[in-house]
Peer 1: 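Sharing a structure here in structure tokens format.
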There are 2 protein chains.
Amino acid sequence: MRSGSHFAQTASSNPLVNSPCEKCNVAGMSLCHALSCDDLKKLSSISTAVEVGKGVTIINEMDPADFLFNVTGGSIKLYKLLPDGRRQMTGFLFPGDFLGIAMNDCYAYSAEALEDCKLCRFPRAKLEALLKEIPDLENRLLNMLSNELVLAQDQMLLLGRKTAIEKVSSFLLALSKRTKSKTGTGDVISLPMGRSDIGDYLGLTTETVSRTLTNLKKKGIISIPTNGQLEINDMEELTDLAEGMD
Amino acid sequence: MRSGSHFAQTASSNPLVNSPCEKCNVAGMSLCHALSCDDLKKLSSISTAVEVGKGVTIINEMDPADFLFNVTGGSIKLYKLLPDGRRQMTGFLFPGDFLGIAMNDCYAYSAEALEDCKLCRFPRAKLEALLKEIPDLENRLLNMLSNELVLAQDQMLLLGRKTAIEKVSSFLLALSKRTKSKTGTGDVISLPMGRSDIGDYLGLTTETVSRTLTNLKKKGIISIPTNGQLEINDMEELTDLAEGMD
DNA sequence: CGGGCTTTTGATCGTGTTCAACGTCGGTGG
DNA sequence: CCACCGACGTTGAACACGATCAAAAGCCCG
């Protein structure tokens, strides 16, 4: 099955209609950040808006990397698998994030929608051609990749050297920081992913994630009003825990 | 102490003499890959050849990222630290590799020479200016970063989900693959780093690395003629072990 | 309500860590 | 030259953290 068949296109085949970059909610925080009006039109002309439902697999590890994506709505999980089924999440994506890193023209990981998602899709070949045409775009991509690489290195430190409570605390803090940078406050964060997704992101089991969250609740550092939402009551303490300062 | 003071410059202040890109041993496998003669000269004009002795700290996590480097000789370890001293290696660099990824203008990790090293140093500001001037260079950097990111994700899978023997096997295989791509054969690999460096790369202790290597020796899969050198006798078996196919 | 899923909690187990001692190698100075 | 020393590597025994196995509780959606 071609990966394209997963997608429901949201508009006609007129790409300008399909890609209303002008009223895009993530413009300025994403790939299109700081592009001139003219360049934006070019980018717009090769993009297609697509929507995917919760649980849909957007890309598959090892499939040919024909498309790249910009997340404009919803959230996505990225993961890699071992032959026996063990899974490692490599990241969670939210609006503004970029999707589709490849090696040898094949995707390096699989991606699945955690909620109903909106995406901006670019054919790989066309985007690469555009990169050569618009240096600002290439520069923007370079910066995004640098940042991702730095985050990946932080994650290595977490996976290789942190304890369960440090891992969970770091994870919550990272989500909080992210939320804060968008909404202004990071005290209440949304957890669209399940415990087992979190476990696979942190190199833990669901049980350990659950126990650790319960532990943090008992200490009064966090509250969990509903699954899917979490409140941080003591940011200082959580920060200390995340770095092992205890 | 400024990080620059660690370096011994190898030639006069004439940058063209300092940067003999023409006879560079890593040309074509590095940043300068596939640059036109003209562009190479521009790159050359902003670079300085430096040498560092074994054990010297080349860059420090959180220091301002004033320079970027290209490794032209020797090997380097990259690492991040937690406040209490726990350490995570984020990578080992060999000739042809690029060094100096930053976030917020500060280095994201520290780097230390495993052996006497030769480096090609670029002032950050000048290299960034050159990137805008030479799209091919920016494109090249983009590709290198993509590859690094894919490798970082492989490492996350390793750190989060693999067992000790799978980690060590994967590590040896990666070194072997790398050696093979340069020298043609990957059966004998050099291990310029110590056991504790390997442990910190794989999220293990020195003891566990040592025990696991002994284990592989007893099974006849590897031999260790001298520390610093390792021979792979059964590549198939090692490959299976690396992915948990046993 | 009822059914199936996710989450939580409990008890036991095992891999890798920790702590400790010993072995090995290489360099230095007597 | 080799005896000494310190760093690194190996091996052993006990421990601990998180995994695994199992079951109960909660939640969402029909």
Side-chain angles (χ1 to χ4, degrees), chain A residues 53-55 77 82 84-88 112 114-116 158-172 191-219 222-230 241 244 246, chain B residues 53-55 77 82 84-88 112 114-115 158-172 190-219 222-230 241 244 246:
Chain A
K54 178 175 176 173
K77 62 183 179 191
L82 282 173
D84 63 3
R86 277 173 289 171
R87 191 176 63 159
Q88 176 67 43
E112 184 185 320
L114 285 166
E115 321 165 87
D116 291 350
L158 178 148
L159 289 169
R161 289 303 180 210
K162 289 191 180 179
T163 65
I165 195 164
E166 289 163 5
K167 285 177 174 180
V168 172
S169 302
S170 300
F171 173 66
L172 296 179
L191 293 179
M193 67 294 286
R195 298 287 182 271
S196 111
D197 290 338
I198 298 175
D200 283 345
Y201 184 60
L202 301 176
L204 299 171
T205 57
T206 42
E207 293 94 328
T208 300
V209 173
S210 180
R211 274 185 251 271
T212 307
L213 285 174
T214 307
N215 197 346
L216 288 172
K217 264 193 293 189
K218 279 181 185 160
K219 288 182 180 166
I222 62 167
S223 328
I224 306 187
T226 83
N227 273 349
Q229 208 161 17
L230 183 146
L241 282 174
D246 267 52
Chain B
K54 177 175 177 173
K77 62 183 180 191
L82 283 172
D84 62 4
R86 277 174 289 172
R87 189 177 66 157
Q88 177 66 43
E112 184 185 320
L114 285 166
E115 322 164 87
L158 179 147
L159 289 169
R161 288 304 180 209
K162 289 192 179 178
T163 64
I165 194 163
E166 289 164 5
K167 285 178 175 181
V168 172
S169 302
S170 301
F171 173 66
L172 296 179
S190 94
L191 292 178
M193 68 293 286
R195 298 287 183 269
S196 110
D197 289 338
I198 299 175
D200 284 346
Y201 183 60
L202 301 176
L204 299 170
T205 57
T206 46
E207 292 95 329
T208 301
V209 172
S210 180
R211 275 186 251 271
T212 307
L213 285 174
T214 308
N215 197 346
L216 287 172
K217 265 193 291 188
K218 280 181 185 160
K219 289 182 180 168
I222 62 168
S223 328
I224 306 188
T226 82
N227 275 345
Q229 206 160 20
L230 183 146
L241 283 174
D246 267 49

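The sequence lines fix the lettering, A, B, ..., with proteins before strands; numbering per chain opens at 1.
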Peer 1: Atom CG of B/Asp197 to atom P of D/dC8: distance rounded to whole Å?
Peer 2: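 Roughly 9 Å, once rounded to whole Å.
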Peer 1: Between which nucleotides of DNA chain C, read 5' to 3', does contact with chain B run, using atoms under 4.0 Å from its heavy atoms?
Peer 2: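 From 5' to 3', the first and last contacting nucleotides are C/dG16 to C/dC19.
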Peer 1: Should we say atom NZ of A/Lys217 is surrounded by more than 12 heavy atoms from elsewhere, each under 6.0 Å from it?
Peer 2: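 Yes - once you tally the heavy atoms of other residues, nucleotides and ligands closer than 6.0 Å, there are more than 12.
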Peer 1: Can you name the closest pair of heavy atoms from A/Gly53 and A/Asp116 and give their distance?
Peer 2: CA-OD1, 3.3 Å
Peer 1: Rounded to the nearest 0.5 Å, what separates atom CD in A/Glu166 from atom CG in A/Asp246?
Peer 2: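 Rounded to the nearest 0.5 Å, the CD-CG separation comes out at 8.5 Å.
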Peer 1: Check B/Gly160 against A/Gln88 and note the closest heavy-atom contact, atom names and distance.
Peer 2: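 Minimum heavy-atom separation between B/Gly160 and A/Gln88: CA-OE1, 3.3 Å.
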Peer 1: Do A/Glu112 and A/Asp197 have side chains that get closer than 4.5 Å, going by heavy atoms?
Peer 2: no
Peer 1: I need the CD1-C1' distance between B/Ile224 and D/dC8, as an integer number of Å.
Peer 2: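 The distance from CD1 of B/Ile224 to C1' of D/dC8 comes to 13 Å, rounded to the nearest Å.
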Peer 1: When we call it a touch if two heavy atoms are under 4.0 Å apart, what does A/Thr214 touch: a base, just sugar-phosphate, or nothing?
Peer 2: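 The residue A/Thr214 makes sugar-phosphate contact but no base contact.
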Peer 1: Which heavy-atom pair separates A/Ala164 from A/Thr208 by the least distance, and what is that distance?
Peer 2: CB-CG2, 3.9 Å
Peer 1: Kindly give the heavy-atom pair with the smallest separation between A/Lys219 and A/Ile165, and that separation in Å.
Peer 2: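 For A/Lys219 versus A/Ile165, the nearest heavy atoms are NZ-CD1, 3.9 Å.
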Peer 1: Encode nucleotides 16-30 of chain D as B, S and - characters from 5' to 3', where the letter depends on protein heavy atoms closer than 4.0 Å: B to the base, S only to sugar-phosphate, - to neither.
Peer 2: --SSBB---------
Peer 1: So how far is it from A/Leu191 CG to A/Ile198 CD1, rounded to the nearest 0.5 Å?
Peer 2: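 If I round to the nearest 0.5 Å, the distance is 5.0 Å.
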